[in-house]
Number of protein chains: 2
Amino acid sequence: MNVEKAWETLKEHSFKRTKNREAILEFLAERDGYTAAMDVGEFLKKDNPGVSFDTIYRNLTTFAELGILEETDLNGERQYRMHCDPGVHHHHFICTICGKTKHIPTCPMDHIAVNLPGVEIQGHKFEIYGKCPQCQ
Amino acid sequence: MNVEKAWETLKEHSFKRTKNREAILEFLAERDGYTAAMDVGEFLKKDNPGVSFDTIYRNLTTFAELGILEETDLNGERQYRMHCDPGVHHHHFICTICGKTKHIPTCPMDHIAVNLPGVEIQGHKFEIYGKCPQCQ
DNA sequence: TCATTGATGTGAATCGTAATCATTACTATT
DNA sequence: AATAGTAATGATTACGATTCACATCAATGA
Ligand SMILES: [Mn+2]
Ligand SMILES: [Mn+2]
Ligand SMILES: [Zn+2]
Ligand SMILES: [Zn+2]
């Protein structure tokens, strides 16, 4: 997902175009990995030192709900990244040092037989963790 | 892993046998799902109202490091359960309502080809979430 | 341009967790 | 059983991440 498409989605849901949201999207569009909410905030502060954490968290949550961002919990923090391809379900390798990700195109749910009688499956999580080439 | 084996492990590492640790292990041994630190604390308070949260967190962390407990992050909390079978690698279905788990004996790493050149894989997470029969 | 409505900043609150340290409880030894 | 050494505990304090309430402000469409 790119910034333009994100704005389309936002407009569809009648969210307004604001400097803060522009900055958040601009920042995350240029990163290729998961980024902690606090780091997004650091960036916003450059142009807008008075930006509040609440604004950051509110918008990140909104964007994730709209499918603009992907979300994961990494060592007790919420981290976000541009939803790389909303149309194609996939998973990620995540570097535990810098947060960079790589696609894992296959989904384990398609490859293993789960025997869970009576349960209502709502979702799943599959992530591989490690160090990317630059972080070793 | 049962309580006796847990005590063996603790003794091997010269951890002492205390009322609090007995209560923690007793409690978790009878549960069949992940339990939040706070809930473990609630139980300990019955016999020992003055127990400190630090004692709970310290011991849960210790037990997890020793492989006595398994640990996962579920809605922003750390949750623990008896390590069901340390010898056999496997995964879990987790009920998002009550925390109960069911084994998933297969591991996706054995069933999908990951193409991650140059990365150093340190671990992976595969969990299926949903509602167990009792929670629907 | 104006009015509407949503977005923002402020500051404090909450939540889960960790650090410090003096006191207390185990455990092994005498 | 009394002791000594050491680990565990509870009290307090603090922390980082996130959320809340609410007054103010700004983007948008009419
Ligand atoms: Mn991807
Ligand atoms: Mn299991
Ligand atoms: Zn990296
Ligand atoms: Zn359940």
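Here is how names work: the chains are called A, B, and so on, in the same order as the sequence lines, proteins then strands, and each is numbered from 1.
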Would you kindly give the [atom1]-to-[atom2] distance between [X] and [N], to the nearest whole Å?
X	N	atom1	atom2	answer
B/Tyr57	D/dA11	OH	C1'	16 Å
B/Asp73	D/dA17	CG	P	14 Å
B/Lys19	C/dT27	NZ	P	10 Å
B/Phe53	D/dC15	CZ	C1'	17 Å
B/Glu22	C/dA25	CD	P	15 Å
B/Lys45	D/dA11	NZ	P	10 Å
B/Leu66	D/dA7	CG	P	15 Å
A/Leu74	D/dT18	CG	P	12 Å

Residue closer to the 5' end of DNA chain C, A/Thr18 versus B/Arg58 (nearest nucleotide) =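 Result: A/Thr18.
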
Walking DNA chain C from its 5' end, the first of B/Lys11 and B/Thr61 to be reached, judged by nearest nucleotide, is B/Thr61

Using the closest heavy atom to pick a nucleotide of DNA chain D for each, name whichever of A/Lys16 or A/Glu77 lands nearer the 5' end.
->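 Nearest-nucleotide comparison on DNA chain D picks A/Glu77.
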
Residue met sooner reading DNA chain D from 5', once B/Ser14 and B/Ser52 are mapped to nucleotides =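 The residue closer to the strand's 5' end, by nearest nucleotide, is B/Ser14.
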
Which part of the nucleic acid, if any, lies within reach of A/Ala37 when heavy atoms closer than 4.0 Å are counted: base, sugar-phosphate only, or nothing?
->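 Touches sugar-phosphate only.
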
CZ of B/Arg17 to CG of B/Leu25: how many Å apart, nearest 0.5 Å?
-> 9.0 Å

With the side chain counted from C-beta on, respond yes when [X] and [Y] share a heavy-atom pair under 4.5 Å apart, and no when they do not.
X	Y	answer
A/Thr61	A/Tyr80	yes
A/Tyr34	A/Lys100	no
B/Met109	A/Phe126	yes

Determine the interplanar angle of the A/His13 and A/Phe15 rings, folded into 0 to 90°, and report it as parallel if under 30°, tilted if 30 to 60°, perpendicular if over 60°.
-> tilted

Any donor-acceptor pair under 3.5 Å between the side chain of A/Asp54 and the base of D/dA21?
-> yes

Report yes if a side-chain nitrogen or oxygen of [X] is closer than 4.0 Å to either non-bridging phosphate oxygen (OP1 or OP2) of [N]; otherwise report no.
X	N	result
A/Arg17	D/dT28	no
B/Asn59	D/dT9	yes
A/Arg78	D/dG16	no
B/Arg21	D/dA8	yes
B/Asn20	D/dG10	yes

Between D/dG10, D/dA7, D/dT18, spot the one nearest the side chain of B/Val51, thanks.
-> D/dG10

Nearest listed nucleotide, side chain of B/Phe15, among C/dT17, D/dA8, D/dT18 =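 Output: D/dA8.
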
Does B/Gln136 reach the main-chain N or O of B/Lys131 with its side chain, forming a donor-acceptor pair under 3.5 Å?
-> yes

